[in-house]
Amino acid sequence: MGNVLVLAEHRQGELRDISIEMLALAPSVAEALGGEVTVLLLGSGVDEMAGKIAGHGVKVLVVDDPLFADYNSDKYQKVLSALIDEYKPRLVMLGQTAQGADLAPALAVEKKLPFVPDIIGLEVEEGVIKATRQLYSGKVNAVVALKEADTGLVAVREAAFEAPDPVDAGAVEKIDSPLKEDLDYRKFVEYIEAEIGDVDITQSEILVGVGRGLKEDKNLPIAEELAELIKADLCGSRAACDAGWLSDDRQVGTSGKTVQPNLYICMGISGAFQHVAGMKGAKTVVAINKDPNAPIFAEADYAIVDDLLKVVPSLIEKLKELKG
Amino acid sequence: MKMFTCIKYVPDTSEAEVKLNAEGTGVDSSRFSYDINDADNYAVEESVLLKEKYEGDVTVVSIGPKSSDVMIRMAMAKGCDRAIRIEDERIADHDPLMVARVLAGAIKDQEFDLVFTGCMAEDYGQAVTGVALAEILGVPHAAYVKKVEVEDGKVKAHRELEGGLREVVEISLPAVLTIQTGINEPRYAPIRGIRQAQKKELKVMNLDDLGVPVEEVGADASLVVLEKLYIPVVESKAEIIEGDPDEKAEKLASILVKGGLV
Ligand SMILES: Cc1cc2nc3c(=O)[nH]c(=O)nc-3n(C[C@H](O)[C@H](O)[C@H](O)COP(=O)(O)OP(=O)(O)OC[C@H]3O[C@@H](n4cnc5c(N)ncnc54)[C@H](O)[C@@H]3O)c2cc1C
């Protein structure tokens, strides 16, 4: 049978969006494979979450055990390994997230599964599962086929699919934990919350964003001057924060902040999906980038293909003239 | 402390136009400039920092062409002690599980406390190799690491999660850590180091030298097939502002002001 097993993801008591986003893909793939979708939820005290997932018309398999109070890739791997043997799903889906990327490669090696990470598309063609993924930061797409195997594995990119609305109630089934004891070689210690900086960019009305294209920190005043002039706050890509031009709390993206300004002017940012995921809520986007093929232009309302070091100083002058 | 640091030579495609080769089986890389993968650069620095703190040595491992020797020498100039470069056309290098198996072949029979990789290579963007390597070596791992604290046979790894949250996990050594960018400030190689690096050992090996059978790491061994590559069309609804830089700036200024956006 061509069943699809989806691994739900949650953290600090909250179901993560990716868990439901995967349900945009799983049912059609299961149908094409002639099977059904089952969602696996591992946790402790997760009845409410199980109900929420089941509300999408799928069967939810729940392991509710204090062993899973905190996420632990190795424990998850042990459970998935046992359940793959028992249920023989044709495909296992999980998120390409901090959890998934810590788990999926090891599971693929252990169980000798055909594995495609970070997928943005999934199809079944004549019984063959084919996944689409991006190379070279989105400049090339690849279709990767999973060779014939009892079970395949894919990791689905976050925010690549829209979470479907709830439909009708599926069933929740509780099973005993296949893992009986805690592990001694990996232990969860604690969470450390992100540092809070002087400005909360998630609340900013106007943002000026800088990326690696700014080249050096001596060019930062250009962005600062523009920001000051239009009463914007400064933010940046991961590359800009890694370089130390901005503090980490100014980073926009999956591992940074999710922003929703009225206006986002970004310069020298390529538009990697991790960055774009954090700026989807921006109302008007102006992108300045010298590469006409930069993925950031797909997000832009106004596009300038040029050298930011030439355009931005001039923009500052023009704005000063217009605003008097 | 004995360490291995795995690095990759990748093209910088952030500003380049990427075209497929004539056969459509790969990209035309003739005009790319190559350098160390960003996250790997941080991995090199982290291993050198630990070496300076606890004593020990660092072996660089890389799969790549002769042209990547400059990158490897640079890592040695920064403090790594020796290097193994693996070159063999038979490796199915689009599949990170095959790559991990080859890297494991270079490490598994040696003594080690920590193995570092970058968390993701910029070219294929899979974020798989390091964690797969740990499983093959049969040791614990932590991915997306932004801080490393070593104490009594254990390591506390601060893993970066979404939204800037971190998760601290304690794992026993030996272990594999996949390093996230921004964990440290990679140093510039000192002149003296660059000179010394020329004298450090750089061993070039193929699968036979490593004792890794091609049946385990070649295209037939890989469980995935790269069927097709294509250049996606960037669907942009953007208004493209044309002109010389000053004209563009002027038009944009007027759009922003008249549109009440600023
Ligand atoms: C797990 C994980 C999480 C991540 N989380 C985030 C995140 O939260 N946020 C984030 O931003 N990234 C994140 N990243 C990194 C992301 O993949 C990219 O590497 C990063 O966003 C690139 O930053 P950039 O656009 O500034 O640099 P690049 O991709 O190097 O782009 C630089 C751009 O500047 C342009 N440019 C260069 N010179 C000029 C000039 N003179 N004028 C105009 N344009 C110019 C170039 O054409 C290019 O498009 C994450 C990565 C991983 C693996």
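A note on names: the letters A, B, ... follow the listed sequences, proteins ahead of strands, and every chain is numbered from 1. Treat the numbers as computed from the prediction; the structure is a model and nothing was measured.
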* **Residue part contacting chain A, namely of B:Tyr144, when any heavy atom lies under 4.5 Å** => side chain
* B:Tyr124 ring centre to B:Lys8 NZ or CZ under 6.0 Å, with the angle to the axis within 45°? -> yes
* Asked: Is chain B contacted by the side chain of A:Glu158, its backbone, both, or neither, given a heavy-atom distance below 4.5 Å?
  -> side chain
* **Lys/Arg N to Asp/Glu carboxylate O, A:Glu125 vs A:Lys130, below 4.0 Å** => yes
* Structure fact -> Filtered by a 4.5 Å non-hydrogen cutoff, the part of residues 253-262 of chain B contacting chain A is B:Ala253, B:Ser254, B:Ile255, B:Leu256, B:Val257, B:Leu261, B:Val262
* To do: Heavy-atom pairs under 4.5 Å with chain A are the metric here; pick the option from B:Glu17, B:Glu122, B:Arg159 that has the most.
  => B:Arg159
* Side chains of A:Tyr76 and A:Asp102: does their closest heavy-atom pair fall under 4.5 Å? -> no
* With a 4.5 angstrom heavy-atom cut-off, which part of A:Glu205 approaches chain B: side chain, backbone, both or neither? -> neither
* Structure fact -> Okay, A:Thr132 and chain B: the region with an atom under 4.5 Å from a heavy atom over there is side chain
* Checking side chain to side chain donor-acceptor pair (under 3.5 Å) against A:Ser255, which of A:Gln274, A:His275, A:Arg238 comes through? -> A:Arg238
* With a 4.5 angstrom heavy-atom cut-off, could you sort out which part of A:Ala300 is near chain B: side chain, backbone, both or neither? => both
* Asked: Using the ring of each side chain (for Trp, its six-membered ring), is A:Tyr136 parallel, tilted or perpendicular to B:Phe32, with breaks at 30° and 60°?
  -> tilted
* Asked: Can a salt bridge be assigned to the pair A:Asp249 and A:Lys257 using a cut-off of 4.0 Å between side-chain N and carboxylate O?
  -> no
* Do any of residues 41-48 of chain B have a heavy atom less than 4.5 Å from a heavy atom of chain A, and if so, which, in residue order? -> B:Tyr42
* **Rounded distance [0.5 Å steps], CD in A:Glu195 versus CZ in B:Arg166** => 7.5 Å
